[in-house]
Amino acid sequence: MSQTRVFPRRFVLRAAAGTAVATMMANSGSAVASLAGQQWQLTREPGGARHLKVGWDEWAVPTVSAKDEFDVTYGVGYVQARTNAREILDIYGRARGGAAALWGPDYLAEDEFTIQLGLHTKTDLWTRAQKPKTLARVRAFCEGFNAACSENAELGGDRREILPVTPRDIIAHLLRASTRFTTLDSQGLAFSPDQFTNTVGSNGWAVSGGRSTTGHAMLVINPHLVWRGYQRFFEMRTRHPGRDFHGVTLLGLPWQQMGYSPAVGWGHTVNPVPNMSVYDLNLSGNRYLYNGRQRRLKVTEHRVEVRGAEPVTVVERHSVHGPVVTAPDGTDVAVRIAGVLHHPATSALESWWRLSFATSVQELFKVHDGAPLPLFNMIAADAHGSIGALYCGTPPVRAHGDFDDSKRRLPGDDPKWLWRRVHQASRMPRVINPESGWVQNCNETPWLYTDPPLPAEDWPSAIAPSVDQVDDFRPIASRRWLKAQKKISPEQLLGLKFSKRALLADVVLDELLAAATGETDLEDAVQVLTAWDRQANQDSEGYVLFYLWSMQNLSGIGDKTLFRCAAEPGGLPTGLADPAAAVATLRDAKAILLGTGAPLDASVGQVVSLGDGPDAIPGMGAPAWWAS
């Protein structure tokens, strides 16, 4: 029997067969909201002999029920088209690689990305690799999507040129999303850091039945995706004999990528699996040196039509390493991407389907081992009270070097750096039912899934960063809190996500204030920060000043030079390395804030809001790198 309890900010705690799962309500917008409470009866053609039901709950989340998996997936395609047709067609158009011809120059960069990485060819490979039953389900999804768009000529708006959608569109979208996640490149080794680079992530927590106040396992997934483009979720429940699953999928995909059944639930966080290797080629024209001799790039020119502009020639180049791209600094480099372009995890879509039939955490992990995902951590719990964490993916087997070599350009002329194999999924780090009674991940290394940390030496080298490389406060705050609790209630666990405590302030603020005391021009700033509650709530006066100070020290936070040291690997720093320099940046932060016209004690709710006008909601929260 399911129970639903409403929590703030559209989070719902759902208890299914004893497993508490917190999920984020994904289906937003006025058009979707108007569907709340409706009940639909659909007939699937041809013949009109197959029927399915769609019920929309108070949150405008659909439940699609039918006699078999194909009718259910047809219904998923139908409801996604009814609610998000234009957004999905836009996604599919980008994945096809011909969006500029349809929609103009703004889409040219997307087409260039597709061409330069050879995604057209890889999409064909991924499509051919799908099992017949997988493609049959995907085809049913397309039928439902196309049927909805045929019934209503307004669905899709100015993106209807994409219709009809085919299974290749769905596979292309999955491949493109996987490629985008694995080419997030904050260092600019090969790709320009895009607007999503520093926002992609998630928090995930699971507590065992023995550690929970309810006696049942608990699971919370807190996605940090940006809620647009390829990072937008769609939430749904799907039911047919033998399967009952509630969860979310990236918009435009046919079944859930995380969620829960009556038996088991799981969530994903982005993991630092080193799938992408970048090679410095030192090109001379279209020739490069490899293993002591000159080689010629494989070069193909593509004519790209651009609506409203002249056609553009885009050159696709490949070395022995992989696709060749021009990095932000103008250097031509080759990229080799495990699990996506090289030794691709083409079973990923089917893997998510099979995961939904698992009856335990152990079975979840066994499914992944047989049909691996290209990336992501998996945080899981089941109705037996068990929990677990798994480092998904098949990273390259490196004969030389360590994890840091995935963070630099490798010498492309030396064959010792060209990996040719990937690790087996079954050899990836994992933990099931640790003595601590909890697992967690906040995008950091898998060695910190639980306490004590996992022994990194038990797994292949170079697949993940070491504990002392963790530079994010989220996992530190998460682990510290979990270790301190004797028993954990559902409300407490969900509260871990909603905490607005500024952990950075606990580390540096006392020393900053002590160093700034006596500076006449900073007396008011010291007063504001002394009175501040060290929270990032809507009404936490002083938050914005501290936030601006932290932004002036962003590079020092990232490379840890702002701090003296950490007491232990993966632990909190102990304070400021240079208090005088910190005072100088406080002076800068004060000037910036006053220059905006905001008061010195401004709270986040005074300067940030969700929406405009009388219905605007005051903002709250803080960047992940300095708040708990």
Looking only at the aromatic ring of each residue, does the gap between the centers of Y391 and Y449 stay below 6.0 angstrom?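 For Y449 and Y391, the ring centres are not under 6.0 Å apart.
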
Do W266 and F245 have ring centroids that are under 6.0 Å from one another?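 Yes - the distance between ring centres of F245 and W266 falls below the 6.0 Å cut-off.
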
Could you grab the distance from atom [atom1] of [X] to atom [atom2] of [Y], nearest 0.5 Å is fine?
X	Y	atom1	atom2	value
H216	S208	NE2	OG	12.5 Å
F234	T249	CZ	OG1	9.5 Å
N271	L375	CG	CG	5.5 Å
I171	L125	CD1	CG	11.5 Å
F145	F141	CZ	CZ	6.5 Å
F365	L390	CZ	CG	5.0 Å

Students often mix this up, so state it plainly: with edges at 30° and 60°, are the rings of W352 and H268 parallel, tilted or perpendicular? perpendicular

Should the pair W459 and W447 be assigned to parallel (<30°), tilted (30 to 60°) or perpendicular (>60°) ring geometry? tilted

Minimum side-chain heavy-atom gap [X]-[Y] below 4.5 Å:
X	Y	answer
F233	L250	yes
H224	C442	no
L219	Y260	no
W59	E235	no
T394	H343	no
I387	V361	no
L119	L341	yes
L349	W255	yes

Which one of R44, K53, R137 satisfies the salt bridge (charged side-chain N to carboxylate O under 4.0 Å, His left out) criterion with D71?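 Passing option: R44.
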
Assess, by modelled atom type and distance only, whether the side chains of [X] and [Y] contain a donor and an acceptor separated by less than 3.5 Å.
X	Y	answer
T269	N441	yes
T238	Q256	yes
S261	R243	no
Q440	W438	no
R239	T63	no
Q130	T134	no

Which heavy atom of [X] sits nearest a heavy atom of [Y], and at what distance?
X	Y	answer
S212	V207	N-CG1, 4.0 Å
L482	I488	CD2-CD1, 3.8 Å
P254	I170	CD-CG2, 3.9 Å
N84	R232	OD1-NH2, 3.0 Å
L253	Q257	CD1-NE2, 3.5 Å
L135	P167	CD2-CB, 4.2 Å

Is any NZ, NE, NH1 or NH2 atom of the basic residue among [X] and [Y] found under 4.0 Å from an Asp or Glu carboxylate oxygen of the other?
X	Y	answer
D244	R237	yes
E110	R180	yes
R94	D90	yes

Give a yes or no answer on whether the side chain of [X] reaches the backbone of [Y] with a donor-acceptor pair at less than 3.5 Å.
X	Y	answer
S351	S347	no
K487	G210	yes
N275	P374	yes
N443	P272	no
H384	T359	yes
Q231	G229	no
W205	N222	no
D369	P372	no
Q80	G252	yes
H173	L251	yes

Take atom CD of Q424 as the centre, draw a 6.0 Å sphere, and report whether it contains more than 12 heavy atoms from other residues, nucleotides or ligands. no

Tell me whether R427 at atom CZ has more than 12 heavy atoms from other residues, nucleotides or ligands lying less than 6.0 Å away.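 No, not enclosed.
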
Please test T123 against T114 for side chain to side chain contact (heavy atoms under 4.5 Å, CB included), starting from the C-alpha separation and ending with a verdict. CA-CA 10 Å; T123 296; T114 299; over 6 Å; no

For V54 and R82, what are the C-alpha separation, side-chain angles and deciding distance, and is it a side chain to side chain contact (heavy atoms under 4.5 Å, CB included)? CA-CA 12 Å; V54 180; R82 283 289 301 267; over 6 Å; no

Check the pair R176 / Y92 against side chain to side chain contact (heavy atoms under 4.5 Å, CB included), numbers first and verdict last. CA-CA 10 Å; R176 187 181 190 81; Y92 293 162; over 6 Å; no

Going through the distances and angles, do W481 and R501 end up as a side chain to side chain contact (heavy atoms under 4.5 Å, CB included)? CA-CA 12 Å; W481 184 88; R501 183 73 180 180; over 6 Å; no

